[in-house]
Amino acid sequence: MAVPLQAVAIPKEITATTVILPHKPTAAIACSYVSGTDPAVLVVFLNGLMTDKSSWTPVISGIIHQRKSLASPEFPSMLAYDRYGVGMTEDRDPLDQGREQGHGHDCKDAAEDLHYLIQHFSQGLKLLSGEKLRVVLVANSIGCAIARLYAERYLVAAVLFLDSIMANSDFDFWPDPDAPGFDKRELPDDVTVEVLREQRAKFAAIFRPDVVNREGLSRRSLARLLPHSDGPMLGNQSGKPWVTVVGHDFEAFANESLRTMGTPIGLSMRYMNPMWHKYNQGLVHVTDREKSKGPIVAKGCGHFIQRDDPDFVIRETLDLVDKVRMQQSVVW
């Protein structure tokens with residue numbers, strides 16, 4: 001169930017701070033950071049386009065609470081942050097200056113920002129001699145695309161994908177009533193041709209890759225950067241990450257879409273949900289099979305799984321943290 005953010009007591013371990021990245025010295029990024037008792041593991045949370053770092057507060061708080069309740073409490077360092085132009089980060093991305101509005105920077109740029117951000121916080125971690133930092137990425141929606149682009153270039157220990165954006169999709173999920181061979185009799189019972197046209201237009205106006213969003217993060221290059229769900233593989237010869245792929249609950253998502261977008265249940269169940277599940281089936285192959293888990297369904301959850309069931313995300317995150325703590329060969 002969703003936990004109202006105002007009802008979540010923010011632990012004293014969470015520190016609000018701002019960071020200026022060395023390659024973008026004119027802008028600051030707002031961060032929530034926890035210096036863990038196990039400094040060798042850093043968990044980084046990546047938002048989607050419609051949420052900010054506060055969506056991870058129940059998860060971060062829950063991890064601290066769970067670990068502190070143990071006889072030998074150890075919890076990882078954790079970082080959530082607002083990308084440029086989102087939430088508490090008021091500064092816009094400097095790359096946007098002088099470029100086409102809404103398309104100045106893309107997910108590849110955001111992945112490079114993440115690299116410098118991790119570098120910044122890793123400098124303050126007190127690692128033992130010879131100990132290497134192990135990075136765990138926990139991502140939702142377009143944050144999953146950023147996580148993949150980061151993990152293609154830099155080593156990570158684990159990635160938790162929470163209802164990843166279908167990066168290679170143009171979000172044209174529905175049949176085209178003007179296409180040759182279209183048969184309206186094949187539509188779900190709760191869908192008319194008029195409703196179909198309305199939904200196609202609504203989704204195109206909001207979700208097509210060339211549509212500008214509030215943070216100016218361009219999605220226009222996303223299908224080129226990540227053309228397949230099942231590759232490229234993450235990691236390299238020195239190590240592949242643990243990967244867990246989680247998808248939304250079909251019924252919960254269909255009801256969420258009906259409530260927020262007016263999308264008939266039949267459209268979501270017949271077209272969008274199977275397409276999304278197929279994408280997730282491919283996503284489990286971005287690492288070695290013995291290190292992959294999923295796709296599993298977050299019961300009762302729509303697209304924003306960390307909001308709908310933070311306890312589920314806590315469990316899956318700590319499952320990965322425990323795996324990487326036992327693994328000695330992963331380096332950052």
Side-chain angles (χ1 to χ4, degrees), residues 13-15 19 31-47 53 56 59-60 62-64 66-68 70 72-81 110-140 143-144 146-162 164 232-246 283-284 286-294 306 313-332:
E13 289 87 356
I14 299 179
T15 300
V19 175
C31 304
S32 295
Y33 180 67
V34 174
S35 180
T37 56
D38 181 10
V41 179
L42 174 64
V43 180
V44 185
F45 299 93
L46 307 176
N47 320 318
K53 65 183 178 67
W56 301 106
V59 176
I60 296 172
I63 289 174
I64 294 171
Q66 260 198 46
R67 288 310 204 203
K68 287 178 71 174
L70 302 176
S72 300
E74 279 196 346
F75 55 87
S77 296
M78 291 178 278
L79 170 65
Y81 68 102
E112 194 66 5
D113 296 340
L114 175 60
H115 166 64
Y116 285 107
L117 197 61
I118 289 174
Q119 274 196 333
H120 172 86
F121 283 98
S122 68
Q123 293 170 3
L125 296 175
K126 296 176 181 172
L127 302 177
L128 300 176
S129 177
E131 196 172 28
K132 301 294 184 181
L133 177 66
R134 287 160 284 179
V135 176
V136 176
L137 302 179
V138 178
N140 172 239
C144 297
I146 297 171
R148 285 180 65 186
L149 292 169
Y150 175 89
E152 282 179 21
R153 185 172 180 183
Y154 306 103
L155 283 177
V156 299
V159 186
L160 174 56
F161 294 113
L162 298 170
S164 173
M233 292 277 282
L234 306 182
N236 57 28
Q237 292 181 346
S238 63
K240 296 290 193 298
W242 297 94
V243 169
T244 299
V245 178
V246 179
L283 198 54
V284 299
V286 296
T287 193
D288 293 335
R289 185 59 227 177
E290 63 269 18
K291 287 189 173 182
S292 68
K293 177 181 176 180
Q306 73 272 26
V313 179
I314 291 167
R315 289 194 300 272
E316 294 302 327
T317 299
L318 289 177
D319 176 65
L320 290 174
V321 167
D322 290 340
K323 285 175 179 175
V324 303
R325 287 182 64 198
M326 296 175 63
Q327 183 177 325
Q328 302 300 317
S329 60
V330 175
V331 298
W332 174 70

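Remember, predicted model here, so these are calculated numbers, not experimental data. For this chain, numbers begin at 1 and follow the sequence in order.
Nearest approach of V284 to S292, heavy atoms of both residues: O-CB, 3.3 Å. Summarising the geometry of K53 relative to N47, their closest heavy-atom pair is N-ND2, 3.4 Å, with the distance given to 0.1 Å. Across all their heavy atoms, V156 and P241 have their closest contact at O-CB, 3.5 Å.
Here the side chains of S35 and F121 are not in contact, with every heavy-atom distance at 4.5 Å or above. The closest side-chain heavy-atom distance from S164 to L283 is below 4.5 Å. Taking the side chain as every heavy atom from C-beta outward, F161 and V243 approach each other to under 4.5 Å. Contact of the E112 side chain with the R153 side chain is registered, since non-hydrogen atoms from C-beta on lie closer than 4.5 Å. Residues V59 and M78 form no side-chain contact, since every pair of their non-hydrogen atoms from C-beta on lies 4.5 Å or further apart. V136 is not listed as a side-chain neighbour of L160, based on a closest heavy-atom distance of 4.5 Å or more. Taking the side chain as every heavy atom from C-beta outward, Y81 and L114 approach each other to under 4.5 Å. Put simply, the side chain of T287 does not reach to within 4.5 Å of the side chain of L234, judged on heavy atoms.
The CD atom of E74 lies 10.0 Å from the CG atom of D322; values are rounded to the nearest 0.5 Å. Atom CD1 of residue I14 and atom CG of residue L79 lie 11.5 Å apart, to the nearest 0.5 angstrom. The CH2 atom of W56 sits 10.0 Å away from atom CD1 of I63, with the distance rounded to the nearest 0.5 Å. The CG atom of L155 sits 9.5 Å away from atom NZ of K240, with the distance rounded to the nearest 0.5 Å. Distance check, rounded to the nearest 0.5 Å: CZ of R148 to CG of L137 gives 13.0 Å. To the nearest 0.5 Å, the span separating CZ on F75 from CD1 on I64 amounts to 5.5 Å.
Taking a cutoff of 4.0 Å between a charged side-chain nitrogen and a carboxylate oxygen, D319 and K323 qualify as a salt bridge. With respect to D38 and R67, no salt bridge is recorded, no charged nitrogen being found less than 4.0 Å from a carboxylate O.
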Applying side-chain contact (heavy atoms from CB on, under 4.5 Å), run through V286 and E152 and close with a yes or a no. CA-CA 10 Å; V286 296; E152 282 179 21; over 6 Å; no
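Ring planes of H115 and Y154: parallel class, angle under 30° (limits at 30 and 60°).
Among T317, V321, V159, V44, the single residue meeting the side-chain contact (heavy atoms from CB on, under 4.5 Å) criterion with V138 is T317.
Listed for the R134 side chain is no donor-acceptor partner under 3.5 Å among the backbone atoms of A157.
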